[in-house]
Amino acid sequence: LASADGLVRIGLKKRPIDENNRIAARLVEKEEGPLLAARRYGLR
Amino acid sequence: GAPLKEGEETDIIALKNYMNAQYFGEIGIGTPPQKFTVIFDTGSSNLWVPSSKCYFSIACLFHTKYKSGRSSSYHKNGKSASIHYGTGAISGFFSTDHVKVGDLVVKTQDFIEATKEPSVTFVVAKFDGILGLGFQEISVGNAVPVWYNMVDQGLIKEPVFSFWFNRNANDGEGGEIVFGGADPNHYKGNHTYVPVTQKGYWQFEMGDVLVGGQSTGFCNGGCAAIADSGTSLLAGPTTIIAEINQKIGASGVVSQECKAVVAEYGQQILQMLLAEVQPGKICSSIGLCTFDGKQGVSAGIESVVNKDTRRSAAGLSDAMCNVCEMAVVWMQNQISQNQTQELIFNYLNQLCEKLPSPMGESSVDCSSVASMPDISFTIGGKKFSLKPEQYILQVGEGYAAQCISGFTALDVPPPRGPLWILGDVFMGAYHTVFDYGNMRVGFADAA
């Protein structure tokens with residue numbers, strides 16, 4: 001929150017990387033994989 | 001070659017992976033404020049949250065939804081909007097309302113009420129929406145970003161904001177974003193500033209990347225980099241990520257194309273490098289790429305991976321061109337280290353096995369972390385190093401512990417690339433100042 005020095009501070013919460021998120025990330029990779037692979041080789 | 005529609009030119013955004021985003025903050029929208037958890041994302045420029053009119057997306061069931069009917073400061077806009085991320089898309093319509101950030105109230109802010117969030121990304125996401133801190137140039141619908149309104153409405157002292165991510169796993173505090181300046185408690189020494197080179201993203205010019213003090217060569221001539229708080233990992237050119245993977249023992253994906261290029265063209269590439277042929281022309285000389293004066297581009301030729309079943313798939317030949325260009329860089333580096341021919345080919349085959357999957361994660365052995373090399377990025381002529389404990393992420397504890405490399409591959413062709421995305425892994429080590437008034441980005445050791 002705003003303080004005497006005129007700065008506006010917003011606290012951030014940190015979410016640890018966990019196994020559930022990793023599984024979800026792999027699902028997303030599968031979902032988006034071909035698109036990303038295509039981009040990797042510079043194809044539109 | 002087809003003309004791009006509105007929003008489609010933001011193809012870098014399309015490579016973001018919000019799945020791994022780790023840091024969130026809270027904002028309020030409307031009067032009285034409705035609370036939302038958002039990612040403060042320097043790699044995009046729109047504000048969006050789920051709408052109470054989102055009925056058919058599972059993601060909306062799990063997140064707070066904005067109810068315009070409950071806000072006395074709401075103004076209807078209604079213009080439709082959609083944003084395509086690599087890990088999903090959202091669509092909906094624009095609305096206008098007050099946005100509370102800390103104790104500041106940004107008045108008449110345009111934002112997107114998302115009515116469709118079809119991707120699995122947003123179902124499992126721990127955040128409700130995204131608050132973009134990039135430039136208006138990449139804002140979908142040309143909406144004025146929250147940050148611009150904060151400055152225009154005179155809510156902050158200086159047109160600067162800064163990030164501090166707390167990498168101390170045992171500390172409950174996640175980090176802090178400071179609007180109006182930088183908190184001296186969260187950095188050490190002075191910031192090294194570099195100018196923004198491509199307004200839209202917080203993009204700047206970066207130099208060589210070193211692994212264990214040795215040049216990787218690829219960014220000697222300069223690479224672009226984007227400071228992106230909305231991305232967890234560090235993403236960069238496959239050429240360098242494969243070298244890093246080889247040094248840290250990260251498991252990658254075996255690439256047949258890569259091994260085929262080394263087997264069939266390796267000797268030829270080596271001879272040409274020794275004969276001091278311009279490296280950028282080698283892959284076109286052997287027919288894998290077309291030389292366009294600056295870089296190799298795919299010749300669209302047939303693959304010779306399997307001579308019995310010749311294929312003409314454009315993707316495969318593009319891959320061969322790409323792999324050839326990587327092989328040239330790798331070989332150049334090896335030659336400069338006076339390695340023997342045998343060692344050079346062994347090393348290249350090892351690198352082929354360490355080719356990462358694009359935007360995917362690589363596992364490493366947790367017990368080897370202490371012996372892994374530092375990896376340094378040259379920014380503004382200064383080396384910014386990451387120690388292994390800073391670029392390796394640990395999941396779980398004790399026997400269940402798994403270690404993931406903080407590096408992932410991302411290949412963006414010229415003129416936008418080669419490109420690095422410096423996500424939370426980098427911004428955790430270095431306190432980052434986004435100086436809008438002077439169009440520059442600054443890095444200092446995080447405290």
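First the proteins, then the strands, lettered A, B, ... as listed; each starts at 1.
Both the backbone and the side chain of B:Val101 come within contact range of chain A, with heavy atoms under 4.5 Å apart. Both the backbone and the side chain of B:Ile177 come within contact range of chain A, with heavy atoms under 4.5 Å apart.
A heavy-atom distance below 4.5 Å is found between the side chains of B:Phe163 and A:Leu12.
Contact detail for B:Asn166 and A:Lys14: the closest heavy-atom pair is O-NZ, 3.6 Å. Closest heavy-atom contact between B:Thr37 and A:Lys13: OG1-NZ, 3.8 Å.
The CZ atom of B:Phe179 sits 11.5 Å away from atom CG of A:Leu7, with the distance rounded to the nearest 0.5 Å.
Contacts of B:Phe161 classified as ring pair (Phe, Tyr, Trp, His ring centres under 6.0 Å), with partners at least two apart in sequence or in another chain: B:Trp147, B:Trp202, B:Phe434. Contacts of B:Pro418 classified as side-chain contact (heavy atoms from CB on, under 4.5 Å), with partners at least two apart in sequence or in another chain: B:Phe218, B:Cys223, B:Pro237.
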